[in-house]
Amino acid sequence: MTRIRELVEQALSLGYLTREAEEQLRELLSSQYDLEDLNAFMTLQHAAMSGRVKQESRLRGGDRQSVQRMSNASQGHH
C-alpha cells in the first residue's frame, strides 16, 4: 500500500500533485498514519502554499496541459 510520504516525495520531486495522488492522500489521511507521514503531509502543504508544488486540481487550461505532459514524460510516455 502506498504511504503518504511516498506520494509527498513524488509530488516534491515532480513539482506537482496529480488529482489521483490528491485523492489517494485524502483516503490515506482518513485512516491511521504515523508521525512521519503527518510530517511529510505538512511539508507538502508548505510546498503547495509557497508555489514549489502545483496542484493539478487547481490549475486551468494551459497549465493543466503542461502538467499532463510532465506526467506523461515522467512515466515514460511520449
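The basis for the numbers below is simple: all heavy atoms, side chains too, and nothing from hydrogens, waters or symmetry mates. Because the structure is predicted, anything quoted here is derived from the model rather than measured.
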_Let me check something: do Leu17 and Met49 share a hydrophobic cluster, defined by ILVMFWY side-chain heavy atoms less than 4.5 Å apart, either directly or through other members?_
no

*Below 4.5 Å, heavy atoms only, C-beta onward: do Thr43 and Leu12 meet side chain to side chain?*
yes

_Beyond-backbone contact of Gln24 with Thr18, side-chain heavy atoms, under 4.5 angstrom_ = no

*Glu23/Arg26 salt bridge by N-O under 4.0 Å criterion*: yes

Compare every heavy atom of [Y] with every heavy atom of [X], then report the nearest pair and how far apart it is.
{"X": "Glu22", "Y": "Gln55", "answer": "OE2-NE2, 3.3 Å"}
{"X": "Leu7", "Y": "Leu28", "answer": "CD1-CD1, 3.7 Å"}
{"X": "Ala11", "Y": "Leu44", "answer": "CB-CD1, 3.9 Å"}

*Result of checking Asp37, Asn39, Leu38 against Arg5 for side chain to side chain contact (heavy atoms under 4.5 Å, CB included)*: Asp37

*asked:* Would you compute the distance between atom OH of Tyr16 and atom CD of Gln10 and round it to the nearest 0.5 angstrom?
replied: 7.0 Å

